[in-house]
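The structure appears below as C-alpha cells.
What's counted below: heavy atoms across the whole structure, side chains too, no hydrogens, waters or symmetry copies. Labels below follow one simple rule: chain letters A, B, ... track the order of the sequence lines, proteins then strands, and each chain is numbered from 1.
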Amino acid sequence: MSQISLTFPDGNTRDYDAGVTPADIASSISNSLAKKAISATVNGQHFDLQWPITEDAAIAIHTMKDEAQALELIRHDAAHIMARAVQEIWPEVKVTIGPVIENGWYYDFDRDAPFTPEDLGQIEAKMKEIINRRDPVTTEIWDRTRAVKHYEANHEPYKVELVGMIPEGQPIRMYWHGHWQDLCRGPHLQHTGQVPADAFKLMKVAGAYWRGDSDRPMLQRIYGVAFQNRDQLKKYLHFLEEAEKRDHRRLGREMNLFHMQEEAPGQVFWHPNGWHIYTALQDYMRRQQTRGGYVEVNTPQVVDRKLWEASGHWDKYQDNMFIVEVDEDHAREKAINALKPMNCPCHVQIFNQGLKSYRDLPLRMAEFGSCARYEPSGALHGIMRVRGFTQDDAHIFCTEAQIEAETAKFIEFLAAIYADLGFHDWTIKLSTRPEKRIGSDESWDRVEKALGDACNKAGYAFDVLEGEGAFYGPKLEFTLTDAIGRDWQCGTLQVDPNLPERLDATFVAEDGAKHRPVMLHRAVLGSFERFIGILIEEHAGKLPFWLAPRQVVVASIVSDADTYVREVVAALTAAGVRAEADTRNEKINYKVREHSVGKVPVILAIGLKEVEDRTVTLRRLGEKQTRVIALDEVIAELSLEATPPDLA
RNA sequence: GCCGCAGUAGCUCAGUGGUAGAGCGCACCCUUGGUAAGGGUGAGGUCGGGAGUUCAAUCCUCCCCUGCGGCACCA
C-alpha cells in the first residue's frame, strides 16, 4: 500500500498508509484524542472522521473545543435526527433537504397535514430519545443507479431528484443515523449522543418552496437552533427577546411615532412624534445634499403610462405599479396613469428641458421622491417594507469618463452621513454584469473598473457579487451592520446608460455634437421609512438627542412649580429644544417612569427648591443619577446637544 | 403571490352556541407627593368584514380583508 505524508498544524509531518481515516490518525496520536475527535480539516475541507485520506495533505483534527466545526456538526446532525424523528412518528412524510444555517438548521418536509406546535413538542421529545440511544453514524458511497432505485423504492421523489442533480464525478454519499438513512455530503458526528440533548430547540414551522422556486410545490420547513450547551441556547433565546424589544413596530406604538391601518396597507400614518424624526432627518439630508453639490427638484406623483412605456417600466415593472385609470366622467378623456414607483424617468424629463452642455455635467439632481410600489402582500413589514415611501434619491448625469470621480465623491459623501448617524460598520459590494444584459463587454469592462477604482480611491475595500448587476449596468451596494449584528443594505449607486438612451437625453459636447449622458442612480438612506425603522431598532428607541422626537420633559413635583415649569419650557423651545411641560397631578415617580418608558432622553424635575434657585434637576434616560444645574446652563447644554451633527 | 397561524376595549390578553371580562391607559374626585406605577369612582366593545348553519353565532362553516412567521419577490 502506498504511503502519504500528512502535515499537522504544529508543522510536524507523519507518513500513513493511503486511505487512512482521521479517526485512525487520532487513535495513533493518543487515546484521549481518539475519544474527543469529532472531525478534521484536510486540505481546507471539513472532513468526516470516517473518510479515507488518499493523498498528501495538511490536516487538523477537531474536538468540541473547535467551536465553528463543532457547531456545524451539531446542527447538521440535529437536522438529520429531526428528519428521522419526523419519519419515526409519521412514516409517510417525505424528506427533502436540511442544511445548517445561522444558529441552527432547517429541514423541509412534504406532508399533507400542517405541523402544529404540539407536533413540534412531540418531535423534540423523539429527538431527545434518538440522541439518548447514541446510535452510531456511518457512511458509504453509492453509485447513482443504486441510490435512485433505493429512493424510488422508498417513495422519496425529492431524494430521487436530488441524486439526479449531483454532478457526474462527485460521490453520492449516504449516511445512517442508526437505521435511518439520508443522502448527505457530510461530514457528521460519530454517534447521535454527541448532539447535546438540552441545547437545541425547534423554533417554528413555515412554508418554503421546493428548491426555492415559486412554481414548485410548497413544503413545510421546520426551523431549529442548536448550540454546544444549554447556556449558549439560553443566551440565544435571550438575544431573541432583546431583539423583539427593539422591534420598530412595537416601539413605534409605544413611542407614539406612527401607525398603520388596513385601509392603507403598507403605508404609514406618521404621528407628530414620528414626523419629528422624519423631518429632522430630511432637513439634515437636504443640508448634506446642498453641500455635496446637488440641486433639489420635485416631480409628479401620477404620470401617464406613455412615459412608463418609454422608460421601459411598463414592460418590466408593471406588476409592481399602482395603475390609476381616470374615469371619463371626471376627465376629458380616458387616461391610464401610474403612481411613480421611481423618480428617474421624471428626472430625465427635467434634464431634457433646454439644451444641456458638457459644461453642465456632472449634474446632480436630487429629490425626496415619494414613490408607490405595489409590493406583494407577503413582503410588507412594518415601516421597513412598504408600498408608499420616500427615497433620498438622486441622479447624477455625467459622462462615462466622470463615473469614477463621481462615484468616489459619492462614497465619501455617504461615509460622512453614516458616521454622523452613528453607523461606522458598513461594507461595499460591487455587483457585476449578469448573464442577461445589454451593452458591449468593453463598456462593462470600463464601467466595472471605474466603480472598483472609485472604491479604492475613496479608500474602501469591496466584495464582488459576480453576475448580480442590473441588466443595464453594474452597481455598488452599501450595507451597514446594526448594534445587534444584523445587516441592512441601504445605500446604492447604479450605473445606467440605458434610461438616457430610452428617454433620449443628450448634451452638447466640446465637439459641438450631441452625446448621450450616463445616469448614476444613487441613494444613501434608501427610503426614509425603512431607514427610520433601522434607526429605531439600532437604538432600541433611544435615538440620539438631535433625532429624538421628544427631547425634554419638564416635570413639576408640586403644582406650585407649574409657572416656572412653563417658563423653562418656553426658554428651551426658544433655544431650539423640543421641550414639553408635564404639570399633571401625578407624583414625580410616576412621571419619571412614564417618560422613561416613552424613551424621553432628558427629564427636568422642578420642585420648590428649583423655583427658588432658578435651577432644574436633570435626569438622563437610563441613569439613576440626577444633577442640579442652573437654568441658563441647562439651556446652553441642551441646545448644543439638540444641534444636528453637521451644524455642531 | 404561496404555506401556516392570528384578529375580542386605545394597548396586552382571558372567555362563552343564549349579544363579554381583567390589567394597564383614559375621564372625574381625593391626594402636593423629590426621581421607574398614591388612592377612589367612572366611561369605554356591531367580539376584522360579508354570507351560511341554527330558535339563537363573538364562538360552528365558507369567502374576503388585515396582521404575524417563513418562502418567493425587491426591473
Side-chain angles (χ1 to χ4, degrees), chain A residues 101 106 108 110-117 119 203-223 244 247 249-250 253-254 256 259-266 308 311-321 341-342 344 373-382 384-387 434 436 469-473 475 489 492 494 496 498-499 521 526-527 530 553 555-562 583-598 603-610 617-628:
Chain A
I101 54 173
Y106 66 77
D108 288 347
D110 186 3
R111 180 192 189 217
D112 288 337
F115 288 111
T116 64
D119 290 342
M203 302 298 286
K204 56 195 167 200
V205 188
Y209 295 111
W210 168 232
R211 297 182 55 197
D213 183 344
S214 56
D215 292 331
R216 309 203 66 175
M218 176 71 68
L219 305 169
Q220 293 192 59
R221 174 172 298 179
I222 302 179
Y223 285 91
E244 205 183 313
D247 192 314
R249 293 166 298 189
R250 171 191 179 130
R253 191 174 51 242
E254 287 174 0
N256 194 14
H259 84 274
M260 306 179 87
Q261 62 187 49
E262 63 178 86
E263 286 81 356
W308 304 116
S311 70
H313 288 90
W314 195 259
D315 264 0
K316 289 201 156 56
Y317 204 69
Q318 197 183 146
D319 284 352
N320 278 291
M321 289 162 71
M342 294 170 200
C344 25
R373 294 182 187 173
Y374 190 80
E375 299 286 358
S377 57
L380 302 178
H381 180 84
M384 299 279 207
R385 186 84 182 266
V386 286
R387 288 183 176 154
K436 281 181 72 178
F471 69 91
Y472 47 73
K475 64 180 171 186
Q489 194 241 304
T492 182
Q494 214 158 317
D496 184 2
N498 179 53
L499 200 60
H521 308 257
S527 88
R530 179 161 173 271
V553 168
S556 56
I557 296 168
V558 293
S559 52
D560 283 345
D562 290 358
T583 53
R584 290 176 304 168
N585 175 15
E586 295 292 352
K587 291 192 166 194
I588 192 66
N589 291 307
Y590 183 91
K591 295 180 182 180
V592 165
R593 178 185 147 78
E594 186 176 284
H595 299 126
S596 298
V597 169
I603 297 170
L604 302 181
I606 310 281
L608 291 177
K609 268 187 288 181
E610 287 79 2
T617 297
L618 182 149
R619 183 191 208 273
R620 287 191 182 269
L621 181 58
E623 289 177 13
K624 283 263 184 300
Q625 240 177 345
T626 60
R627 222 170 96 217
V628 179

Strictly by Watson-Crick or wobble contacts shorter than 3.5 Å, is anything paired with B/G52, and which nucleotide is it? B/C60
Across all strands shown, which nucleotide pairs with B/C28 by Watson-Crick or G-U wobble geometry, both distances under 3.5 Å? B/G40
Stepwise side-chain contact (heavy atoms from CB on, under 4.5 Å) test for A/Asp110 and A/Trp210: CA-CA 9 Å; A/Asp110 186 3; A/Trp210 168 232; over 6 Å; no
Applying salt bridge (Lys or Arg N to Asp or Glu O under 4.0 Å) as the test, list every pair that has at least one member in residues 203-215 of chain A; sequence neighbours left out. A/Glu161-A/Arg211
P spacing across the pair B/C11 / B/C47, given as an integer number of angstrom: 16 Å
Is a side-chain N or O of A/Gln220 found less than 3.5 angstrom from the main chain of A/Val205, in a donor-acceptor match? no
Return yes if the base of B/U35 and the side-chain atoms of A/Thr626 contain a donor-acceptor N/O pair under 3.5 Å, otherwise no. no
A/Pro376 near the nucleic acid: base, sugar-phosphate alone, or nothing, with a heavy-atom cut-off under 4.0 Å? base
A/Tyr317: side chain to side chain contact (heavy atoms under 4.5 Å, CB included) partners, not counting sequence neighbours: A/His313, A/Asn320, A/Met321, A/Pro341, A/Met342, A/Arg373
Could you list, one pair per line, each protein nitrogen or oxygen that sits under 3.5 Å from a nitrogen or oxygen of nucleotides 36-38 of chain B, together with the distance?
| residue | atom | partner | partner atom | Å |
| --- | --- | --- | --- | --- |
| B/A36 | OP2 | A/Arg619 | NH2 | 3.2 |
| B/A36 | O4' | A/Arg593 | N | 3.4 |
| B/A37 | N7 | A/Arg593 | NE | 3.1 |
| B/A37 | N6 | A/Arg593 | NH2 | 2.4 |
| B/A37 | N1 | A/Arg593 | NH2 | 3.3 |

Assigned partner base of B/C74, Watson-Crick or wobble definition, under 3.5 Å: none
Within the structure shown, what part of the strands sits under 4.0 Å from A/Lys609 by heavy-atom distance: base, sugar-phosphate, or nothing? base
So which protein N/O to nucleotides 49-51 of chain B N/O distances come out below 3.5 Å?
none

Any side-chain heavy atom of A/Thr583 sitting closer than 4.5 Å to one from A/Ser559? no
If you measure from the P atom in B/G44 to the same atom in B/C28, how many Å do you get, rounded? 16 Å
Is there a side-chain contact (heavy atoms from CB on, under 4.5 Å) between A/His521 and A/Thr492 once you walk through the steps? CA-CA 8 Å; A/His521 308 257; A/Thr492 182; over 6 Å; no
Which part of the nucleic acid, if any, lies within reach of A/Met260 when heavy atoms closer than 4.0 Å are counted: base, sugar-phosphate only, or nothing? nothing
Which value, in whole Å, describes the distance between the P atoms of nucleotides B/C63 and B/A22? 36 Å
Does the side-chain contact (heavy atoms from CB on, under 4.5 Å) test come out yes or no for A/Arg249 and A/Met384, once each step is laid out? CA-CA 9 Å; A/Arg249 293 166 298 189; A/Met384 299 279 207; over 6 Å; no
Could you give the distance from CD1 (A/Ile603) to OG1 (A/Thr617), rounded to the nearest 0.5 Å? 12.0 Å
Please give the distance between the P atoms of B/G17 and B/U58 as a whole number of Å. 13 Å
Scan A/Ala208 against the nucleic acid and name what it touches under 4.0 Å (heavy atoms): base, sugar-phosphate only, or nothing. sugar-phosphate
Under 4.0 Å between any heavy atoms, over every strand shown, what does A/Gly212 touch: base, sugar-phosphate, or nothing? Just pick one. sugar-phosphate
Residues, nucleotides or ligands: over 12 heavy atoms within 6.0 Å of A/Gln625 CD: no
What integer number of Å spans the C1' atoms of B/A9 and B/C26? 11 Å
Report which part of the nucleic acid A/Ala470 touches: base, sugar-phosphate, or nothing (heavy-atom distance under 4.0 Å, all strands). nothing
May I ask you to decide if A/Asp108's main-chain N or O and A/Arg221's side chain share a donor-acceptor pair within less than 3.5 Å? no
How long is the straight-line distance from CG of A/Leu608 back to OG of A/Ser556, given to the nearest 0.5 Å? 10.5 Å
Could you list all N or O pairs between the protein and nucleotides 8-15 of chain B that sit under 3.5 Å apart?
| residue | atom | partner | partner atom | Å |
| --- | --- | --- | --- | --- |
| B/C11 | O3' | A/Arg253 | NE | 3.4 |
| B/U12 | OP1 | A/Arg253 | NH2 | 3.2 |

B/C13 and B/G52, which share atom name P, separated by this distance in whole Å: 33 Å
A/Met218 has an atom CE; how far is it from atom P of B/G69, in whole Å? 16 Å
If you count every heavy atom of other residues, nucleotides or ligands that lies below 6.0 Å from A/Gln261 atom CD, does the total exceed 12? yes
Kindly give the atom pairs (protein nitrogen or oxygen, nucleotide nitrogen or oxygen) under 3.5 Å for nucleotides 62-67 of chain B.
| residue | atom | partner | partner atom | Å |
| --- | --- | --- | --- | --- |
| B/C65 | O2' | A/Glu262 | OE2 | 3.3 |

Of A/Arg584 and A/Lys475, whose nearest nucleotide on RNA chain B comes first from the 5' end? A/Arg584
With a 4.0 Å cut-off on heavy atoms, is A/Glu610 in touch with a base, just the backbone sugar-phosphate, or nothing at all? base
Counting any heavy atom closer than 4.0 Å, what does A/Ile606 reach on the DNA or RNA strands: base, sugar-phosphate only, or nothing? nothing
Looking at A/Lys591, is its backbone amide N or carbonyl O close enough to the side chain of A/Glu594 to form a donor-acceptor pair, meaning the two atoms are under 3.5 Å apart? no
Check the pair A/Leu499, A/Tyr472 against side-chain contact (heavy atoms from CB on, under 4.5 Å), reporting the backbone distance first and the verdict last. CA-CA 9 Å; A/Leu499 200 60; A/Tyr472 47 73; over 6 Å; no
Could you tell me the Watson-Crick or G-U partner of B/G4, where both distances fall under 3.5 Å? Say none if there is no partner. B/C68
Using a heavy-atom cut-off of 4.0 Å across all strands, would you classify A/Thr116 as base, sugar-phosphate, or nothing? nothing
As an exercise, state the distance from CG of A/Leu604 to CZ of A/Arg627, rounded to the nearest 0.5 Å. 10.0 Å
If we call it a pair only when both distances are under 3.5 Å in a Watson-Crick or G-U wobble match, what pairs with B/A22? B/U12
Take atom P in B/C62 and the same atom in B/A6, then report the distance between them in whole Å. 13 Å
Is it the case that B/G70 (base atoms only) and A/Tyr209 (side chain only) share a donor and an acceptor within less than 3.5 Å, ignoring hydrogens and angles? no
Reckon A/His595 touches a base, only the sugar-phosphate, or nothing at all at heavy-atom distances under 4.0 Å? nothing
Nearest-Å distance once atom C1' is located in both B/C60 and B/U66: 23 Å
Locate the shortest heavy-atom distance separating A/Ala605 from A/Ile588; write the atom from each residue and the value. CB-CD1, 4.0 Å
For A/Tyr223, answer base if it contacts any base atom (sugar-phosphate contacts may also be present), sugar-phosphate if it contacts only those atoms, and nothing otherwise; contact means non-hydrogen atoms under 4.0 Å. sugar-phosphate
Counting distance alone, no hydrogens or angles: does the base of B/C2 have a donor or acceptor under 3.5 Å from a partner atom on the side chain of A/Arg216? no
